[in-house]
Structures are given as C-alpha cells and as structure tokens.
Amino acid sequence: TRLGIHIVRHLKRLERVILGYLEVSDGPGEEARLGILETLQCTIEHAWPRMPCRLPVLLKALLRLLWDIHTERGPTPEPVRAALMHRATQCLILLDRCCQGRVKVLLAGVHSSCEEQRLRECLRKVQEST
C-alpha cells in the first residue's frame, strides 16, 4: 500500500513470490496463503494498468488455487477454506475490472463445464460482478 503505483517496479519479482506462495499449503491456518492473497489484491488495486499483461499467469494461478482448496482434504478447517475461496474470488473480480471484462470471457467456458458446486459459486460471483 505504501508503494502505491511504484510497485510496478517490482512486479516481476513480486509475481514470482505470489505464485510460489499460492502453490503451497502452509498448514491448517493457511496464514501465508491468506496473506499473499491480500498482497495480490493490494497489488492489483495499485498496479492495475499493468495487470492485463499479467492476466494469463495470475488467472491460471488463482484457478489452480481454487481447485486445490476444493480438492485438498487436509486438516484445514472449513472457515479457512471459505476465506481462501472468498479472497481468491475477490482477486478474480479485481482482475476482471482491470482487464475490461476479459476474465469473464475466459471463465465462461470453465463455468459451464464445472460440476463442482462450490467452484461454480465462485465463478458465478465473478461473472455477475459489475
């Protein structure tokens, strides 16, 4: 937040860090993943002009995170899973706004072929966001 738009100077390195944290579960509390989703959200808000070129990588990572949260059957409590899904959904909504609706277009096919109710709900929220 403190860097504001100047975060774009560090986007390449920050993107690698974000992707690394999103890929790995860090235990039942998932503090690292929750924190990195907050960081991603803040980064999208401040560096929004640079997000369209980063869309493919970030979209893939967020979708993989949603799938991992849904399929992991570890010790993570349900409220933590819900918080992770909510924050990932919020990041997708922000990405969609930065990219002039391209996320919605890309997710249209995923939403129609997804059979998991919980994931469909997240995708529906993105599709219905304005």
Side-chain angles (χ1 to χ4, degrees):
T1 302
R2 193 177 289 171
L3 285 174
I5 189 66
H6 298 291
I7 194 68
V8 297
R9 295 179 186 161
H10 309 283
L11 270 180
K12 188 173 275 191
R13 278 183 280 158
L14 182 58
E15 182 181 284
R16 285 193 305 263
V17 171
I18 289 171
L19 296 175
Y21 274 94
L22 290 180
E23 289 176 358
V24 181
S25 175
D26 63 309
E30 294 282 8
E31 292 89 5
R33 276 182 168 173
L34 288 168
I36 207 69
L37 284 169
E38 185 178 335
T39 301
L40 177 58
Q41 185 172 350
C42 188
T43 302
I44 294 169
E45 289 171 354
H46 290 287
W48 64 268
R50 301 293 175 111
M51 289 301 118
C53 64
R54 306 218 179 276
L55 176 63
V57 172
L58 293 175
L59 180 60
K60 182 179 176 181
L62 288 167
L63 290 176
R64 182 176 290 144
L65 173 67
L66 286 170
W67 181 255
D68 288 348
I69 294 166
H70 174 71
T71 58
E72 286 175 357
R73 295 295 170 223
T76 306
E78 189 55 38
V80 175
R81 287 179 194 268
L84 283 168
M85 293 188 93
H86 174 74
R87 286 196 183 170
T89 303
Q90 292 304 112
C91 288
L92 287 171
I93 290 169
L94 281 174
L95 269 177
D96 184 61
R97 289 179 185 159
C98 294
C99 299
Q100 293 82 33
R102 284 184 25 213
V103 173
K104 288 178 185 172
V105 172
L106 294 169
L107 290 181
V110 176
H111 184 263
S112 62
S113 64
C114 181
E115 296 178 7
E116 304 299 329
Q117 185 59 34
R118 211 165 168 192
L119 295 177
R120 285 179 65 90
E121 181 64 24
C122 291
L123 298 176
R124 183 191 59 75
K125 287 178 185 176
V126 175
Q127 294 287 353
E128 292 177 355
S129 68
T130 55

A.B. asks: I need the Thr76 OG1 to Ile69 CD1 distance, nearest 0.5 Å.
C.D. replies: 9.0 Å
A.B. asks: To check you understand the geometry: which heavy-atom pair defines the closest contact between Cys99 and Pro52, and what is its length?
C.D. replies: SG-CA, 3.6 Å
A.B. asks: Quick one: side-chain contact (heavy atoms from CB on, under 4.5 Å) partners of Pro77, sequence neighbours excluded?
C.D. replies: Pro28, Pro79, Val80
A.B. asks: Mind checking ring pair (Phe, Tyr, Trp, His ring centres under 6.0 Å) for Trp67 and listing every partner two or more places apart, or none if nothing turns up?
C.D. replies: His70
A.B. asks: Determine which pairs satisfy salt bridge (charged side-chain N to carboxylate O under 4.0 Å, His left out) with at least one residue from residues 56-83, sequence neighbours left out, and list them in order.
C.D. replies: Arg33-Glu72, Glu78-Arg118
A.B. asks: Nearest 0.5 Å, please: how far is CG in Leu66 from OG1 in Thr71?
C.D. replies: 10.5 Å
A.B. asks: Using the test side chain to side chain donor-acceptor pair (under 3.5 Å), find all partners of Glu128 that sit at least two apart in sequence or belong to another chain.
C.D. replies: Arg124
A.B. asks: Do Ile93 and Val105 sit in the same hydrophobic cluster, where Ile, Leu, Val, Met, Phe, Trp and Tyr count as joined when their side-chain heavy atoms come under 4.5 Å apart?
C.D. replies: no
A.B. asks: Tell me every residue that passes side chain to side chain donor-acceptor pair (under 3.5 Å) with Ser25, counting only those two or more places apart in sequence or in another chain.
C.D. replies: Glu30
A.B. asks: Return the minimal non-hydrogen interatomic distance between Val8 and Ala47, and the atom names on each side.
C.D. replies: CG1-CB, 3.7 Å
A.B. asks: Quick one: side-chain contact (heavy atoms from CB on, under 4.5 Å) partners of Leu106, sequence neighbours excluded?
C.D. replies: Leu55, Leu59
A.B. asks: Tell me which pairs pass ring-ring contact (aromatic ring centres under 6.0 Å, His included) where either residue lies in residues 28-61, with sequence neighbours left out.
C.D. replies: none
A.B. asks: With sequence neighbours excluded, what pairs up with Glu15 under the salt bridge (charged side-chain N to carboxylate O under 4.0 Å, His left out) test?
C.D. replies: Arg54
A.B. asks: Strictly by salt bridge (charged side-chain N to carboxylate O under 4.0 Å, His left out), give each pair with a member in residues 89-99 just once, sequence neighbours left out.
C.D. replies: Asp96-Lys104
A.B. asks: Looking at residues at least two apart in the chain, or sitting in another chain, which of them share a side-chain contact (heavy atoms from CB on, under 4.5 Å) with Cys91?
C.D. replies: Leu37, Leu40, Gln41, Ile44, Leu62
A.B. asks: How would you list, by chain and number, every residue that makes a ring pair (Phe, Tyr, Trp, His ring centres under 6.0 Å) with His86, sequence neighbours excluded?
C.D. replies: none
A.B. asks: Could you pull out the closest heavy-atom pair between Leu123 and Leu63, with the gap in Å?
C.D. replies: CD2-CD2, 4.1 Å
A.B. asks: Quick check for you: to the nearest 0.5 Å, what is the distance between Leu11 atom CG and Thr43 atom OG1?
C.D. replies: 7.0 Å
A.B. asks: Rounded to the nearest 0.5 Å, how far does CD1 of Ile7 lie from CZ of Arg50?
C.D. replies: 12.5 Å
A.B. asks: Can you measure from CG (Leu92) to NZ (Lys125) and round to the nearest 0.5 angstrom?
C.D. replies: 11.5 Å
A.B. asks: Contact between Leu95 and Arg102 at the side-chain level, heavy atoms closer than 4.5 Å - yes or no?
C.D. replies: no
